[in-house]
**Student:** 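Input: one structure, supplied below.
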Amino acid sequence: MATAKFLSDEFALIALRNNIVSDPHLILAKNWSISSSICDWIGVTCDSSRQRVVALNISNMGFEGTIPLQLGNLSFLVTLDMSNNSFHGYLPEGMSHLRRLSFMALSNNNLAGEIPSWLGVLDRLQYLFLRNNSFVGHLPTNICDNLPNLKELDMSSNQLSSEILSGLANCSRLESLSLSFNWFNGSMPKELGSLKMLEVLDLGYNLVEGSIPNEMFNISTLRVFDLSDNHLSGILPSNMCHGLHNLEDISLAANDFSGVIPASISNCSKLATISLGDNKFSGRIPNSIGNLRHLELMYLSANNLTSESSSPELSFFTSLTGCISLRIIWVASNPLNGILPRSIGNLSISVEWLDLANCGIKGNIPDSIGNLSNLRYLNPRSNSLTGSIPTTIWGLQKLIGLGLHNNSLTGSLSGDLCGLQSLKYLYLSQNQISGSIPGCFNSLTSLRYLDIAFNRLTSTLPMSLWDHKDLVVVNLSSNFLRGPLAPEMGELKFLTTLDLSNNQFSGKIPSTIWSLESLDYLSLANNSLQGSIPDNL
């Protein structure tokens with residue numbers, strides 16, 4: 001005969017089942033039957049001796065409904081995972097009776113209301129995940145008063161709006177604290193520096209202001225330090241890595257930090273991510289960054305940084321050749337004002353993204369750029385680059401995006417570019433490129449965005465151009481292109497922008513153009529074309 005305590009578990013789960021209004025995978029209908037033991041229900045785990053429910057894992061089941069207060073009757077429950085569903089409503093106070101609970105995951109639902117103060121009485125709780133819900137209001141001031149065992153706390157992506165509590169330091173065993181994507185404001189409490197077991201601190205995308213307390217730079221266990229997109233200011237300590245021996249990720253982008261990037265940043269020898277873009281850092285990019293053998297991402301864009309060199313060559317690229325794991329280099333919108341060294345081709349072949357836009361770079365693009373065989377995005381737009389496009393670029397088989405627009409490049413378009421079968425974005429506008437468009441354009445099977453406006457291209461358009469049925473943008477304006485327009489252009493059903501203005505096209509406007517159903521912008525102005533644009537276009 002079932003004990004009364006076992007029946008209380010059964011009643012709790014039946015109440016939960018009755019509160020679920022959507023069960024797209026028919027899990028409840030097919031399995032959660034009162035004719036079978038609840039210990040056999042999907043997602044339910046009982047202990048073998050007492051036959052009490054100790055774990056409830058119904059994550060990723062597509063359930064929609066509310067959490068009943070009777071759930072608190074599962075008094076032996078240790079693990080509760082209801083994440084990645086569509087539960088809504090408030091957290092019922094009855095859950096405060098789950099005093100054995102060690103793991104609670106309710107992330108990625110539609111739960112609302114304030115974070116209940118009774119969470120502070122679940123003194124065995126080690127993991128609390130409430131990420132991506134609609135919780136509002138303040139953090140309970142007592143949330144850590146009775147949680148001596150809490151290791152991970154994630155309340156990211158809610159609508160919480162309090163100051164960050166100094167009381168969080170009372171969760172002295174905390175290893176991970178994630179409060180990103182909320183409305184937290186005020187300054188960072190220095191008491192957080194007393195969390196000597198903290199490995200992950202993520203306060204990104206809030207309204208936190210002021211400077212980083214010095215105490216934070218002494219947490220030797222810290223691996224991830226993310227304060228990006230706040231209102232923080234101040235300078236980084238010259239010895240910032242003295243106590244951060246295990247730091248792997250420092251993300252301070254989109255704040256108001258100023259001063260220099262300390263050369264001692266290389267003492268954080270485990271760094272894989274340096275994200276300091278969109279600030280007010282000035283001075284030189286330290287060559288010491290090249291000592292970071294584990295570095296994968298360097299994001300320094302939109303600052304006032306220069307290159308550490310007395311010669312015109314941008315020497316920090318040479319220093320980065322020691323970063324054997326580097327994948328992303330993003331230094332756009334800094335006054336680098338130098339020349340790309342040939343050593344750029346000695347960067348790790350793992351480099352996939354190289355963004356050098358708007359940096360005052362002059363001179364030629366080195367042929368050695370072709371050594372970066374895994375490059376997917378190359379963007380040195382809006383500089384003062386001269387010379388022809390090196391043919392080695394056309395050998396970068398994995399290239400998806402190429403942005404060379406707004407420079408002073410000359411020469412012609414080599415037919416070799418047609419070997420870039422992964423190329424989706426080709427931006428070459430506002431240069432001095434001459435000659436014809438290669439006839440092999442139909443080989444660029446992935447091409448979607450083509451902009452070669454404001455150059456010196458001549459001859460007729462190759463018919464192969466219109467073989468790209470998936471083209472979205474074509475801008476060939478302000479060249480010296482001539483000849484008739486092919487009716488086949490009307491087959492580009494995904495085309496949103498077509499600009500052929502300021503050329504020497506002649507003949508009739510193909511009537512097929514008017515069937516381009518996705519077209520938002522069309523300009524054929526300043527040509528010698530015959531015909532008119534229909535009023536109902």
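Along the sequence shown, the residues carry numbers beginning at 1.
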**Student:** Under a 3.5 Å threshold, yes or no: a donor from one side chain and an acceptor from the other, between Asn84 and Asn108?
**Tutor:** yes

**Student:** Quick check: do Phe454 and Asn479 have side-chain heavy atoms less than 4.5 Å from each other?
**Tutor:** no

**Student:** Would you find a donor on one side and an acceptor on the other, under 3.5 Å apart, between the side chain of Asp499 and the backbone of Leu524?
**Tutor:** no

**Student:** Keeping to residues at least two apart or across chains, list the side chain to side chain donor-acceptor pair (under 3.5 Å) pairs with something in residues 367-377.
**Tutor:**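 Sorted pair list: Asn374-Lys398.
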
**Student:** Would you say Asn246 and Lys270 are linked by a side-chain donor-acceptor pair, where the criterion is simply a distance under 3.5 Å?
**Tutor:**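 The criterion, which ignores hydrogens and geometry beyond distance, is satisfied for Asn246 and Lys270.
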
**Student:** What ring-ring contact (aromatic ring centres under 6.0 Å, His included) pairs are there with at least one residue in residues 155-182, not counting sequence neighbours?
**Tutor:**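 Sorted pair list: Phe181-Tyr205.
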
**Student:** Decide if atom NZ of Lys493 counts as having more than 12 heavy atoms of other residues, nucleotides or ligands within a radius under 6.0 Å.
**Tutor:** yes

**Student:** Taking the side chain as everything from C-beta on, heavy atoms only, tell me whether Phe103 gets closer than 4.5 Å to Asp81.
**Tutor:**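 Yes - at least one pair of side-chain heavy atoms lies under 4.5 Å apart.
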
**Student:** Can you confirm whether Ile349 is buried at CD1, in the sense that more than 12 heavy atoms of other residues, nucleotides or ligands lie under 6.0 Å from that atom?
**Tutor:** no

**Student:** Quick check: does any side chain N or O of Asn158 sit under 3.5 Å from a backbone N or O of Ser156, one acting as donor and the other as acceptor?
**Tutor:** yes

**Student:** In Å and rounded to the nearest 0.5 Å, what is the OG to CG distance from Ser523 to Leu500?
**Tutor:** 8.0 Å

**Student:** Could you list all the disulfide (SG to SG under 2.5 Å) pairs where at least one residue sits in residues 368-464, not counting sequence neighbours?
**Tutor:**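 For residues 368-464, and leaving out neighbouring residues, the disulfide (SG to SG under 2.5 Å) pairs sorted by first residue read Cys418-Cys440.
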
**Student:** Answer yes or no: is there a donor N or O on one side and an acceptor on the other, between the side chain of Asn185 and the main chain of Leu207, under 3.5 Å?
**Tutor:**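 Looks like no, no N/O pair under 3.5 Å.
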
**Student:** Using residues 322-332 as the side-chain source, report each donor-acceptor pair under 3.5 Å to any protein atom, sequence neighbours left out, with the distance given to one decimal.
**Tutor:**
| residue | atom | partner | partner atom | Å |
| --- | --- | --- | --- | --- |
| Trp330 | NE1 | Ser301 | OG | 3.4 |
| Trp330 | NE1 | Asp355 | OD2 | 3.0 |

**Student:** Testing the 3.5 Å rule here: is there a donor-acceptor pair between the side chains of Asn431 and Asn455?
**Tutor:** no

**Student:** So, applying side-chain contact (heavy atoms from CB on, under 4.5 Å) with Leu203, which one of Leu232, Asp229, Leu227 is it?
**Tutor:** Leu227

**Student:** Are the side chains of Ile344 and Ile369 in contact, using a 4.5 Å heavy-atom criterion?
**Tutor:**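 Yes - at least one pair of side-chain heavy atoms lies under 4.5 Å apart.
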
**Student:** For Glu248, what residues pass the salt bridge (charged side-chain N to carboxylate O under 4.0 Å, His left out) criterion, not counting sequence neighbours?
**Tutor:** Arg223

**Student:** Taking the side chain from His468 and the backbone from Leu447, do they hold a donor-acceptor pair closer than 3.5 Å?
**Tutor:**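 Here the side-chain-to-backbone pair does not exist.
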
**Student:** Is there a donor-acceptor pair closer than 3.5 Å between any side-chain N or O of Ser434 and the backbone N or O of Leu457?
**Tutor:** no

**Student:** Quick test of your reading: applying side chain to side chain donor-acceptor pair (under 3.5 Å), list the pairs with at least one residue in residues 249-267, sequence neighbours left out, ordered by first then second residue.
**Tutor:** Asp249-Ser251

**Student:** Begin with the C-alpha distance, continue with both residues' side-chain angles, and end with the deciding distance and a verdict on side-chain contact (heavy atoms from CB on, under 4.5 Å) for Leu423 and Ser446.
**Tutor:** CA-CA 6 Å; Leu423 196 65; Ser446 300; 5.9 Å; no

**Student:** Quick one: does any side-chain atom of Asn170 pair with a main-chain N or O of Leu168 as donor and acceptor, under 3.5 Å?
**Tutor:**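 No: the side chain of Asn170 does not pair with the backbone of Leu168.
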
**Student:** Where do Ala263 and Ser288 come nearest, in terms of heavy atoms and distance?
**Tutor:** O-OG, 2.7 Å

**Student:** Is the number of heavy atoms from other residues, nucleotides or ligands within 6.0 Å of CZ (Arg173) greater than 12?
**Tutor:** no

**Student:** Does a donor on one side chain sit under 3.5 Å from an acceptor on the other, for Ser107 and Ser83?
**Tutor:** no

**Student:** Which pair of heavy atoms, one from Leu130 and one from Met155, lies closest together, and at what distance?
**Tutor:**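 Shortest heavy-atom contact: CD1-CE, 4.0 Å.
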
**Student:** Check whether Asn149 reaches the backbone of Gln126 with its side chain - one donor and one acceptor, N or O, closer than 3.5 Å.
**Tutor:** no

**Student:** Going through the distances and angles, do Leu413 and Leu428 end up as a side-chain contact (heavy atoms from CB on, under 4.5 Å)?
**Tutor:** CA-CA 10 Å; Leu413 292 177; Leu428 303 175; 3.6 Å; yes

**Student:** Ignoring hydrogens and geometry, is there a side-chain-to-backbone donor-acceptor pair from Asn109 to Met82 under 3.5 Å?
**Tutor:** yes

**Student:** Would you indicate whether the side-chain heavy atoms of Leu236 and Leu252 approach each other to under 4.5 Å?
**Tutor:**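 Touching, per the 4.5 Å side-chain cut-off.
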
**Student:** Between Ile274 and Tyr299, is the side-chain contact (heavy atoms from CB on, under 4.5 Å) condition met? List the steps.
**Tutor:** CA-CA 6 Å; Ile274 298 176; Tyr299 173 52; over 6 Å; no

**Student:** Between Asn334 and Asn303, is there a side-chain donor-acceptor contact under 3.5 Å, judged purely by atom types and distance?
**Tutor:**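 The criterion, which ignores hydrogens and geometry beyond distance, is not satisfied for Asn334 and Asn303.
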
**Student:** With side chain to side chain donor-acceptor pair (under 3.5 Å) as the rule and sequence neighbours excluded, what pairs involving residues 339-348 come up?
**Tutor:** Thr318-Ser343, Ser348-Ser350

**Student:** For residues 215-257, pull every pair meeting ring-ring contact (aromatic ring centres under 6.0 Å, His included), keeping only residues two or more places apart or in separate chains.
**Tutor:**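 ring-ring contact (aromatic ring centres under 6.0 Å, His included) check on residues 215-257 returns no pairs.
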
**Student:** Looking at Leu139 and Leu165, what are the two nearest heavy atoms and their distance?
**Tutor:**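 Taking every non-hydrogen atom into account, CB-CD1, 3.6 Å.
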
**Student:** Check whether any side-chain heavy atom of Leu179 lies under 4.5 Å from a side-chain heavy atom of Asp202, and answer yes or no.
**Tutor:** no

**Student:** Is it true that a side-chain atom of Asp416 and a backbone atom of Thr391 form a donor plus acceptor pair closer than 3.5 Å?
**Tutor:**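 The answer is no, because no donor-acceptor pair under 3.5 Å joins these two groups.
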
**Student:** Within the distance-only criterion (no hydrogens, no angle test), does the side chain of Asn527 pair as donor or acceptor with the backbone N or O of Phe505 below 3.5 angstrom?
**Tutor:** yes

**Student:** Restricting to side-chain hydrogen bond (donor to acceptor under 3.5 Å, both in side chains), what partner residues turn up for Glu491, sequence neighbours left out?
**Tutor:**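 Partners of Glu491 under the side-chain hydrogen bond (donor to acceptor under 3.5 Å, both in side chains) test: Lys469.
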
**Student:** Mind listing the closest non-hydrogen atom pair of Asn214 and Pro237 along with its distance?
**Tutor:**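 Heavy atoms of Asn214 and Pro237 come nearest at OD1-CG, 4.4 Å.
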
**Student:** Which atom names give the shortest non-hydrogen contact between Tyr127 and Lys151, and what distance separates them?
**Tutor:**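 Reported closest heavy-atom pair: OH-CD, 3.7 Å.
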
**Student:** Please round to the nearest 0.5 Å and tell me the distance separating atom CD1 of Ile212 and atom OG of Ser187.
**Tutor:**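 If we round to the nearest 0.5 Å, Ile212:CD1 and Ser187:OG are 12.5 Å apart.
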
**Student:** Would Asn206 and Ile164 satisfy side-chain contact (heavy atoms from CB on, under 4.5 Å), going step by step from the backbone distance to the final call?
**Tutor:** CA-CA 10 Å; Asn206 280 287; Ile164 297 174; 6.0 Å; no

**Student:** Identify, with sequence neighbours excluded, every residue that meets ring-ring contact (aromatic ring centres under 6.0 Å, His included) alongside Tyr449.
**Tutor:** Tyr425

**Student:** Just wondering, do Met240 and Ile250 contact through their side chains at under 4.5 Å, heavy atoms?
**Tutor:**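 Contact flag for Ile250/Met240 side chains = yes.
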
**Student:** Partners of Cys171 by disulfide (SG to SG under 2.5 Å), sequence neighbours excluded?
**Tutor:**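 Testing Cys171 for disulfide (SG to SG under 2.5 Å), a comparison that skips the adjacent residues, returns Cys144.
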
**Student:** Please report the shortest heavy-atom distance between Ser464 and Pro438, naming the atom on each side.
**Tutor:** OG-O, 4.4 Å

**Student:** Is any side-chain heavy atom of Leu481 closer than 4.5 Å to a side-chain heavy atom of Thr458?
**Tutor:**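 Not in contact.
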
**Student:** Mind checking whether Asn475 and Ile452 have side chains closer than 4.5 Å, heavy atoms only?
**Tutor:**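 With C-beta onward as the side chain, the pair stays apart.
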
**Student:** Please list, chain by chain and in numerical order, all residues satisfying salt bridge (charged side-chain N to carboxylate O under 4.0 Å, His left out) with Asp154, sequence neighbours excluded.
**Tutor:** Arg131

**Student:** Does CD1 in Ile400 sit with more than 12 non-hydrogen atoms of other residues, nucleotides or ligands closer than 6.0 Å?
**Tutor:** yes

**Student:** Does any donor atom in the side chain of Asn406 or Ser382 lie under 3.5 Å from an acceptor atom in the other side chain?
**Tutor:** yes

